[in-house]
Amino acid sequence: MKASELFFPTLREVPSEAEVVSHQLLLRAGFIRKTTAGVYTYLPLAYRVIKKIMNIVREEMDRAGGQEVLMPIIQPAELWKKSGRWDVYGEEMFRLQDRHNRDFALGPTHEEIITTLVNADAHSYRDLPLLIYQIQNKYRDEIRPRFGLMRGREFIMKDLYSFDLDDAGLDISYHKMYEAYNRIYERLHLQYRVVEADSGAIGGNESHEFMVLAENGEAEIVYCDTCDYAANVEKAVCTIDEQEAGDEAMLAIEKIHTPAQKTIQDIVDAFGIPSQRQVKTLMYLADGVLVAAVLRGDRELNEIKLKNALGCNQLFMADQESVMTGCGAGFGSLGPVGMKVKIYLDLEVSQMKNFACGANEDHYHYLNVNLGRDFVPEKIIDIRAAVVGDNCPLCPGHLQSVRGIEVGHIFKLGIKYSQALDAKYIDQNGQEKLMVMGCYGIGVSRTMAAAVEQNNDENGIIWPLPIAPFQVIVVPVNAKKEDQMNTARGLYEELIDNGIEAIIDDRDERAGVKFKDADLIGIPLRITVGPKALEQNQVEVKKRWEKDIELVAVENVISVVQTILGGRD
RNA sequence: CGGGGCGUAGCGCAGCUUGGUAGCGCGUCUGGUUUGGGACCAGAAAGUCGCAGGUUCGAAUCCUGUCGCCCCGACCA
């Protein structure tokens, strides 16, 4: 490709709409342009990267026994009504009507379509297992699209669905995908981590996320400094150490006047009671029902854990009014003693003795409160957010934390959708049974953004070799000098003949401009044809990820390039 | 949807408080001089100031409404 003909409109300045580095660089380097919020056009360079990612994904899916199909984006409402998700999916689904006012959705995911399809055409145990996948655009009317490609409303996703005879079969399919995903991220040359995940609204009981490590990642990952344990903080299990439980004797409960003390810190300041000796009470509305979540004073609640424990659909922090009517006291004076609504007590609090908390009466607190004697919770469960330094749930190690971008997520769905959509098969004994399903997603366009997020410097993108839009850029320092252009052209053609994807920067620009652009768009190797070296029949070979320049005789360039490309791949 | 902010030339911004000729830098086009890390000189094109109402002799500027965009929160590949 000639740079003079390539459509890659680079920008010198950072568009003001871009906040994160991947968004800024993809815009500046002429890879993407926004059409509307969360919807982007992929320009030629970007689409080359996308296609490379797709191909790696496709190869690994095929290798794992997946079969590629292409399902419709436009999906009839009736399918979604059948699964019960037409109402549940809510605002996030793009909906439209045809000329007869029939309802449709733009597919945010394809469980409905694929399950219906498999149910219609796979009837026997002999037809299973099936691993069906596709790579196509998904539509989700996100509450807030952001960070460019990171969270779009239209994005490219690979989604695979597995159909098995039973749980044992699902375990095998799940394991295949787990392995395939690992191979994919290895092959993409991304630093990543597999973590245990919450399965969220999609349902199911086992789930892993594949996280590309990046400082600005939206997700927090905790991992053990000793063993292999790693989890999304949303999921990370908090344990208590039986040894730590004090054998302190219970003291008599005492009510104190706290006219101006509302927060945990106020009590620390006024009475010198450390936050670890206090308890905080958070009020939530779970599907409209008021509940109390009780945690140690210095801890944060993990809402997802609470939501899962309650088994509710919607969980919001309660408003002042609901709290006043439900508890008879306002925020800042709440506590488990005499609490009129159900108490969900964090595991850790069950070990605390003689703690301080609100008295459910404005301007009063209790001291020396004890579980059992002074109050009885509905449940004692793990609902606190894990933090760095916590005990590992699996070994004697401690938890560390990093941030990551979720680029892949695999779920065991079980029979949730086969039940709703009636996906059954006849087994060896002539019995009807429900298929057991799994689903497995990779955000392809997000993976491209994550790759940039992880691989860049002050000059621009540094594409990992397997997904670089081109592998080599040949830069004649002065396009008007015939000897330089001739050598550059010769090398360029030789590269192409050897199956190496190359650009020749034949533009009549100053060398600085070409170098800046080459760095910005992140081509891994640059071959510079300049006057001085050319006198010795040499050119420069520069790796985008290193500072040093290597002088190479023109006749050796191809083999040097091949060695570098081969070595890093 | 709640909170914060922004819409002025392709990109980055000023002008708005105090109404009166629409400006700057970069980019683009033409000519020339240059040519190893975003050159210089000269010239040029390009904006119904997001849109719609209103106030006014006169609105980018004041008022009302509306649309769009960005950031923080809940959601997710």
Side-chain angles (χ1 to χ4, degrees), chain A residues 9-20 23-24 27-28 30 33-39 53 57 89-93 108-109 135-160 181 197-202 207 209-212 218-219 232 234 303-304 307 314-317 319 404-411 439-450 458-460 475-481 484 507-520 526 528-534 539-540 542 549:
Chain A
T10 57
L11 303 172
R12 297 197 178 194
E13 280 167 290
V14 181
S16 59
E17 71 188 43
E19 198 75 8
V20 297
H23 190 196
Q24 294 177 342
L27 283 170
R28 275 196 61 208
R33 286 295 182 263
K34 185 177 67 189
T35 300
T36 185
V39 178
I53 297 172
V57 169
Y89 221 96
E91 303 274 86
E92 210 171 299
M93 194 152 61
T109 175
I135 303 176
Q136 61 147 216
N137 280 353
K138 288 284 180 286
Y139 296 84
R140 295 187 190 169
D141 194 1
E142 293 283 346
I143 299 167
R144 183 154 82 87
R146 68 182 134 169
F147 302 152
L149 261 32
M150 283 301 185
R151 180 176 302 282
R153 295 195 294 171
E154 175 183 86
F155 59 98
I156 302 171
M157 176 169 161
K158 184 284 306 182
D159 46 327
L160 184 143
Y181 273 44
D198 186 76
S199 44
I202 295 180
S207 176
E209 287 167 334
F210 289 73
M211 299 281 196
V212 166
E218 285 192 84
N232 192 314
E234 294 174 349
E303 290 190 11
I304 288 166
K307 195 171 169 184
Q314 293 200 307
L315 186 70
F316 298 112
M317 286 205 83
D319 54 295
I405 300 161
E406 182 191 348
V407 289
H409 199 162
I410 60 179
F411 300 86
C439 78
Y440 315 84
I442 286 181
V444 173
S445 40
R446 181 185 281 183
T447 297
M448 173 166 74
E458 67 282 2
N459 293 314
V475 180
V477 165
N478 188 333
K480 282 184 177 158
K481 297 278 194 262
Q484 290 178 30
R507 296 175 300 170
D508 183 19
E509 291 284 355
R510 296 166 61 87
V513 174
K514 299 188 198 181
F515 294 154
K516 287 287 184 191
D517 274 345
D519 286 351
L520 182 59
R526 190 181 80 203
T528 309
V529 183
K532 280 167 259 168
L534 198 53
V539 295
E540 296 165 15
K542 182 177 179 305
I549 287 168

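Protein chains get the first letters and strands the later ones, always in sequence-line order, with residue 1 at the start of each.
Contacts of A:Asp519 with the nucleic acid, taken as non-hydrogen atoms under 4.0 Å apart, include base atoms. Heavy atoms of A:Ser445 sit nowhere under 4.0 angstrom from any nucleic acid atom. A:Glu540 comes within 4.0 angstrom of a nucleotide base, judged by non-hydrogen atoms across all strands. Looking at heavy-atom distances under 4.0 Å, A:Gly530 makes contact with a base. Using a 4.0 Å heavy-atom cutoff across all strands shown, A:Tyr181 reaches no nucleic acid atom at all. Within 4.0 Å of A:Glu92, counting heavy atoms only, lie sugar-phosphate atoms of the nucleic acid but no base atom. Within 4.0 Å (heavy atoms only), A:Val407 reaches sugar-phosphate atoms of the nucleic acid but no base atom. Across all strands shown, A:Pro531 has heavy atoms under 4.0 Å from base atoms, whether or not it also approaches the sugar-phosphate. Looking at heavy-atom distances under 4.0 Å, A:Arg526 makes contact with a base. The residue A:Asn459 sits apart from the nucleic acid: no heavy atom pair falls under 4.0 Å. Residue A:Val444 is out of contact with every strand shown, counting any heavy-atom pair closer than 4.0 Å.
In this view, A:Phe155 satisfies the ring pair (Phe, Tyr, Trp, His ring centres under 6.0 Å) rule with no residue, not counting sequence neighbours. Listed by chain and residue number, nothing satisfies the side-chain hydrogen bond (donor to acceptor under 3.5 Å, both in side chains) test with A:Arg510 (two or more places apart in sequence, or in another chain). Looking at residues two or more places apart in sequence or on another chain, you find a side-chain hydrogen bond (donor to acceptor under 3.5 Å, both in side chains) between A:Lys158 and A:Tyr181. Considering only residues two or more places apart in sequence or on other chains, A:Glu154 meets the side-chain hydrogen bond (donor to acceptor under 3.5 Å, both in side chains) condition with A:Tyr139.
Between A:Ser16 and B:C13 there is a side-chain N or O to OP1 or OP2 distance below 4.0 Å. In terms of phosphate contacts, A:Thr36 brings a side-chain nitrogen or oxygen within less than 4.0 Å of OP1 or OP2 of B:C69. A close approach under 4.0 Å does not occur between any side-chain nitrogen or oxygen of A:Arg153 and OP1 or OP2 of B:C76.
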Dump the pairs, protein N or O against N or O of nucleotides 30-34 of chain B, anything under 3.5 Å, distances to one decimal.
unit_1 : atom_1 : unit_2   : atom_2 : d
B:U34  : O2     : A:Arg510 : NH1    : 3.0

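B:G27 and B:U21 have their C1' atoms separated by 26 Å, with the value rounded to a whole Å. Using atom P as the reference point in both B:C71 and B:U34, the two lie 47 Å apart (nearest Å). Here, B:C76 and B:G10 have their C1' atoms 34 Å apart, quoted to the whole Å. Comparing B:U61 with B:G20, their C1' atoms sit 11 Å apart, to the nearest whole Å.
The CD1 atom of A:Ile442 sits 11.5 Å away from atom CD of A:Glu406, with the distance rounded to the nearest 0.5 Å.
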Could you give the side-chain donor-acceptor pairs of residues 141-151 of chain A under 3.5 Å, partners two or more places apart or in another chain?
unit_1   : atom_1 : unit_2   : atom_2 : d
A:Asp141 : OD1    : A:Arg153 : NH1    : 3.2
A:Arg146 : NH2    : A:Glu218 : OE1    : 3.3
A:Arg151 : NH2    : A:Glu218 : OE2    : 3.3

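Nucleotides of RNA chain B nearest to A:Gly148 and A:Glu406 differ in position, and the one nearer the 5' end is that of A:Gly148. Residue order along RNA chain B, read from the 5' end via each residue's closest nucleotide, puts A:Lys532 first among A:Lys532 and A:Phe155.
Distance, A:Asn232 CG to B:C76 C1': 11 Å, rounded to whole Å. Distance CD (A:Glu509) to C1' (B:G37): 13 Å, rounded to an integer number of Å.
Closest approach to the A:Arg151 side chain among B:G36, B:C13, B:C76 is made by B:C76 (side chain taken as heavy atoms from C-beta onward). Out of B:C76, B:C71, B:G36, the shortest distance to the side chain of A:Thr528 is found at B:G36.
Between the side chain of A:Glu13 and the base of B:G27, no donor-acceptor pair of N or O atoms lies under 3.5 Å. The base of B:G38 sits within donor-acceptor range of the side chain of A:Arg28, with an N or O pair under 3.5 Å.
B:G43: Watson-Crick or G-U partner is B:C29, with both key distances under 3.5 Å.
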